[in-house]
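The structure under discussion appears below in the form of structure tokens.
Residue numbers count from 1 along this sequence. The structure displayed is predicted, hence computed values, not measured ones.
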Amino acid sequence: MENISTLENSSSILSVTLRENNFIKDGTYYATVTRNTATFKNILSEIAEDNKGMDPYMLQFAAILIQKKILKMLEQGKAVNVLDLGTMYIAMKCNAKGKSDVSEKGNFYIKFAPTELANSALSSLSVDKVVYADGSPEITEIADLSNAGGKDALTCGKPCRVKGSRLKIGGDEGGVWFAPVDADGKESGDESEWVKVDGQALFRNKPTELNFFVPETLAAGNYRLCLRTAYLGKDKSRKSVVEAFSGVVSVSA
């Protein structure tokens with residue numbers, strides 16, 4: 001089992017991206033919600049934190065037993081009610097023209113039908129950030145590759161990973177900066193206080209992932225990453241630089 005001391009709480013920033021509807025070109029947009037996943041570890045960690053008298057190892061053991069039993073029931077072809085939050089049920093992908101085209105082994109996958117209890121949990125949600133998909137980069141995940149920090153927690157001098165879309169750095173004005181934030185999480189408007197990631201420290205530069213070493217000169221504290229790029233495609237550059245800011249990340253020395 002995972003050492004319970006390594007489990008960490010999840011963050012909760014609800015970001016909505018508005019994308020132009022290209023099927024009906026009438027100027028309307030459709031919305032996608034950025035997925036901020038609370039992992040199995042996060043759930044166990046937060047339950048243990050909220051219930052100080054509960055043995056965290058017994059909690060983890062009980063959760064794994066429930067997990068294994070749900071999987072066993074799915075193997076038996078059953079639909080399973082999961083903690084009264086919804087029903088996991090089996091569906092089949094099929095593109096058959098006749099009975100003979102249907103495989104006896106099937107092509108099964110899991111679907112989920114939420115209950116009213118689960119849907120009601122969304123009633124108090126509000127949007128933290130709205131992003132218009134205008135070709136700007138989008139940062140969805142930041143993690144410490146050295147395992148010293150974890151998600152949204154980095155360490156000076158250690159490698160980190162940034163995931164998202166349209167991230168590849170290009171152009172003379174492109175780069176990644178650490179912008180210090182105030183108590184409200186607002187980045188400093190004075191760019192002279194920002195610390196730029198050295199170009200040689202960037203060892204993976206892909207549209208969906210950046211890997212680089214966190215500057216050793218950073219003071220411990222909270223920052224937002226600012227990413228700027230003019231990259232558009234192979235041998236192509238944008239006429240103007242686009243940018244994106246991450247959520248707040250903590251940096252330790």
Side-chain angles (χ1 to χ4, degrees), residues 2-15 17 34-39 41-46 48-49 128-129 131 136-229 231 241-253:
E2 190 78 26
N3 188 334
I4 200 76
S5 65
T6 66
L7 306 185
E8 297 184 359
N9 292 356
S10 59
S11 60
S12 54
I13 296 178
L14 186 63
S15 174
T17 301
T34 299
R35 186 172 299 181
N36 181 31
T37 302
T39 66
K41 295 180 186 179
N42 295 146
I43 294 170
L44 293 177
S45 178
E46 295 193 12
E49 181 68 24
D128 295 306
K129 181 176 69 172
V131 177
S136 296
E138 183 178 9
I139 298 171
T140 58
E141 180 185 312
I142 299 174
D144 190 328
L145 288 176
S146 71
N147 293 322
K151 185 178 179 183
D152 297 329
L154 306 178
T155 308
C156 290
K158 300 296 185 181
C160 74
R161 177 181 65 223
V162 177
K163 284 189 173 183
S165 57
R166 299 176 294 278
L167 300 178
K168 187 168 184 176
I169 304 299
D172 295 336
E173 299 178 60
V176 180
W177 287 260
F178 281 80
V181 300
D182 57 24
D184 296 324
K186 177 65 177 176
E187 69 274 1
S188 170
D190 183 358
E191 295 194 18
S192 65
E193 299 179 356
W194 298 10
V195 177
K196 186 176 183 181
V197 175
D198 190 290
Q200 294 182 344
L202 180 67
F203 59 92
R204 184 175 179 84
N205 186 15
K206 300 291 184 181
T208 59
E209 183 177 336
L210 301 178
N211 293 169
F212 55 85
F213 287 95
V214 178
E216 294 184 351
T217 56
L218 278 179
N222 292 331
Y223 297 83
R224 288 185 186 272
L225 267 62
C226 174
L227 188 155
R228 291 174 177 166
T229 181
Y231 178 82
V241 174
V242 290
E243 70 174 15
F245 284 88
S246 72
V248 176
V249 295
S250 64
V251 176
S252 58

Which distance, rounded to the nearest 0.5 Å, do you find between the [atom1] of [X] and the [atom2] of [Y]?
{"X": "S188", "Y": "D182", "atom1": "OG", "atom2": "CG", "value": "8.5 Å"}
{"X": "L167", "Y": "Y231", "atom1": "CG", "atom2": "OH", "value": "12.0 Å"}
{"X": "I169", "Y": "L227", "atom1": "CD1", "atom2": "CG", "value": "3.5 Å"}
{"X": "T229", "Y": "E173", "atom1": "OG1", "atom2": "CD", "value": "11.0 Å"}
{"X": "F213", "Y": "T155", "atom1": "CZ", "atom2": "OG1", "value": "12.5 Å"}
{"X": "S246", "Y": "E141", "atom1": "OG", "atom2": "CD", "value": "12.5 Å"}

Do [X] and [Y] make a side-chain contact, defined as non-hydrogen atoms from C-beta onward lying under 4.5 Å apart?
{"X": "C226", "Y": "V176", "result": "no"}
{"X": "F212", "Y": "D198", "result": "no"}
{"X": "W177", "Y": "L225", "result": "no"}
{"X": "L145", "Y": "C160", "result": "no"}

Note to self: Could you walk me through whether R228 and V241 satisfy the side-chain contact (heavy atoms from CB on, under 4.5 Å) test, starting with their C-alpha distance in whole Å, then the side-chain angles of each, then the deciding distance to 0.1 Å, before giving a yes or no?
What the structure shows: CA-CA 6 Å; R228 291 174 177 166; V241 174; 3.6 Å; yes

Check: [Y] main-chain N/O paired with [X] side-chain donor or acceptor under 3.5 Å:
{"X": "T39", "Y": "N42", "value": "yes"}
{"X": "D144", "Y": "S146", "value": "yes"}
{"X": "R224", "Y": "K186", "value": "no"}

Considering all heavy atoms, the nearest [X]-[Y] contact:
{"X": "C156", "Y": "A253", "value": "SG-CA, 4.1 Å"}
{"X": "P180", "Y": "E193", "value": "CD-O, 3.7 Å"}
{"X": "A244", "Y": "I139", "value": "O-CD1, 4.4 Å"}
{"X": "Y223", "Y": "V181", "value": "C-CG1, 3.9 Å"}
{"X": "K168", "Y": "L210", "value": "CA-CD2, 4.4 Å"}
{"X": "A220", "Y": "S252", "value": "CB-CA, 4.3 Å"}

Item checked: Results of side-chain hydrogen bond (donor to acceptor under 3.5 Å, both in side chains) for D190 - residues two or more places apart only -> S192

Next item on the list: Could you note down all residue pairs passing side-chain hydrogen bond (donor to acceptor under 3.5 Å, both in side chains) where residues 200-210 supplies at least one of them, sequence neighbours left out?
Entry: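 For residues 200-210, and leaving out neighbouring residues, the side-chain hydrogen bond (donor to acceptor under 3.5 Å, both in side chains) pairs sorted by first residue read E209-N211.
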
Notebook entry, point to check: Which of parallel (below 30°), tilted (30 to 60°) and perpendicular (above 60°) describes W194 and F245?
Noted result: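 Perpendicular: the ring planes of W194 and F245 meet at over 60°.
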
Next item on the list: Begin from the C-alpha positions of E243 and S136 and carry the test side chain to side chain donor-acceptor pair (under 3.5 Å) through to its verdict.
Entry: CA-CA 6 Å; E243 70 174 15; S136 296; over 6 Å; no

Note to self: Is it the case that over 12 heavy atoms from other parts of the model lie below 6.0 angstrom from the NZ atom of K196?
What the structure shows: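 Yes.
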
